[in-house]
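Below: one structure, written as structure tokens.
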Amino acid sequence: MTTPDESTTTPNYARRRAVIGITGAAALAVVGIGFAAATGWGAPADVVTVVQATNSSSASQVTPSSSASSTPSASGTANESPTATATPTASAAPTTDLPYDISTGSSVTVLVNKHYSLDPVDYAPKPTIKLTKLDVPSMNDHSLREDAAEAFKDMYEAALADGITLDMASGYRDYDLQTELYNGYVEDLGQKGADLTSARPGSSEHQTGLAADISAPGESDCVLTECFGETEASDWLVAHSHEYGFILRYPDGETDVTGYEYEPWHYRFIGVDAAADYHESGAATYEEFLGVEPAPDYED
Ligand SMILES: [Zn+2]
């Protein structure tokens with residue numbers, strides 16, 4: 001399948017650099033761009049966040065500069081898009097007959113898709129921890145919510161025992177960063193184009209701290225690209241990830257349900273019990289498992 005990611009690799013790459021530039025490149029260390037250049041790493045629909053503050057003082061510059069420079073010019077999108085997305089969601093929380101809380105942001109089984117955003121829309125998980133603090137490789141030094149990070153560590157060690165090395169390319173992204181990324185895409189592509197490429201703020205699973213984009217260090221050409229699905233690491237994950245509470249969130253051929261193209265790298269932690277039930281159910285998607293409606297697109 002040809003994905004938007006593949007067909008727009010170069011523009012996305014250029015655009016992401018531009019987006020990062022808006023925030024003040026001098027204040028930011030762009031972790032991962034070097035890697036991208038070295039490996040030919042393409043830009044995925046599921047935009048990897050490769051921005052990291054070099055120190056605390058530069059981190060504090062990011063927020064003011066982004067709100068000062070991007071909010072006025074993009075106020076139509078910056079203020080409308082997330083709010084418009086959040087409003088219907090807040091009044092219509094998802095429900096399921098299964099014994100899972102799928103509407104509370106901090107619930108490990110929370111449903112986040114193009115129909116249901118996080119409530120509040122700027123929800124931030126706590127605590128989060130960098131995988132590298134747990135001695136797990138994470139090429140961009142990203143974090144996950146602590147329970148997901150601990151589970152990832154268990155999965156990483158089990159894979160390693162089977163001769164498979166995993167790495168996390170992208171994990172937790174906060175609301176402000178997602179806003180910045182999304183608005184950059186809106187400016188370049190318009191809202192429709194942006195929605196094909198990047199989740200709206202509040203609508204990204206990465207904002208829950210429970211989503212991990214997984215890669216394999218030996219397969220650097222396939223980082224965040226569809227060919228990751230043909231690697232041994234992917235085979236291992238498909239067979240075993242549920243044992244550690246993770247599910248493949250955007251399977252091949254399910255775009256009409258999930259709203260996203262095939263992303264063989266994007267795994268979502270839902271907890272071991274729910275993942276076991278999910279695996280046993282044979283459902284193709286989390287939406288199908290929960291018995292909620294397909295969410296191919298935003299409702300506005
Ligand atoms: Zn992802």
Side-chain angles (χ1 to χ4, degrees), residues 3-6 8-9 12-13 16 19 31-32 35-36 41-51 108 110-114 116-118 123 125 128 130-131 136-145 148-149 151-152 155-156 166-175 177-182 185 194-216 219 222-229 231 233-234 237-238 241 244-252 254-255 257-270 275 285-287 295:
T3 69
D5 343 359
E6 288 173 332
T8 59
T9 291
N12 274 355
Y13 173 62
R16 188 172 52 238
V19 168
V31 180
F35 174 84
W41 163 49
D46 181 29
V47 183
V48 65
T49 300
V50 290
V51 186
V108 76
V110 67
L111 174 67
V112 180
N113 63 21
K114 289 182 175 177
Y116 301 108
S117 59
L118 285 160
Y123 165 81
T128 60
K130 286 187 175 186
L131 287 194
V136 176
S138 171
M139 66 173 72
N140 293 310
D141 206 17
H142 281 190
S143 306
L144 288 176
R145 201 173 88 174
F152 195 103
M155 184 164 72
Y156 166 77
L166 303 176
D167 190 298
M168 188 176 78
S170 188
Y172 172 52
R173 292 199 285 267
D174 69 19
Y175 176 81
L177 190 47
Q178 192 70 28
T179 301
E180 195 174 297
L181 288 168
Y182 179 77
Y185 280 91
D195 285 339
L196 289 171
T197 307
S198 172
R200 294 181 187 177
S203 295
S204 171
E205 280 205 325
H206 285 279
Q207 196 180 316
T208 66
L210 302 172
D213 294 335
I214 304 175
S215 54
E219 301 279 357
C222 290
V223 175
L224 301 170
T225 62
E226 202 173 304
C227 68
F228 177 71
T231 64
S234 174
L237 287 166
V238 167
S241 60
Y244 305 92
F246 288 85
I247 64 169
L248 178 65
R249 186 65 178 87
Y250 307 123
D252 198 3
E254 300 294 337
T255 304
V257 177
T258 66
Y260 290 93
E261 298 279 349
Y262 177 40
E263 292 193 358
W265 59 85
H266 181 111
Y267 279 79
R268 162 68 196 277
F269 183 67
I270 59 172
T285 63
Y286 195 42
E287 283 80 5

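First listed ligand is number 1; within each ligand, the first listed atom is number 1. One-based numbering along the sequence shown.
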Run the numbers on Asp195 and Tyr185 for side-chain hydrogen bond (donor to acceptor under 3.5 Å, both in side chains), then give the verdict. CA-CA 8 Å; Asp195 285 339; Tyr185 280 91; over 6 Å; no
For the Zn ion (ligand 1), the nearest N/O/S atom on His206 is atom NE2
Of all N, O or S atoms in His266, the one closest to the Zn ion (ligand 1) is ND1
- Task: Would you check if the Zn ion (ligand 1) lies under 2.8 Å from any N, O or S atom of Asp213?
- Result: yes
Practice task
May I ask you to decide if the ring planes of Phe152 and Phe246 are parallel, tilted or perpendicular, using 30° and 60° as cut-offs?
Solution key: perpendicular
By salt bridge (Lys or Arg N to Asp or Glu O under 4.0 Å), Asp167 pairs with (sequence neighbours left out) none
Sorted by chain and number, sequence neighbours left out, salt bridge (Lys or Arg N to Asp or Glu O under 4.0 Å) with Arg249 holds for Glu205, Glu287
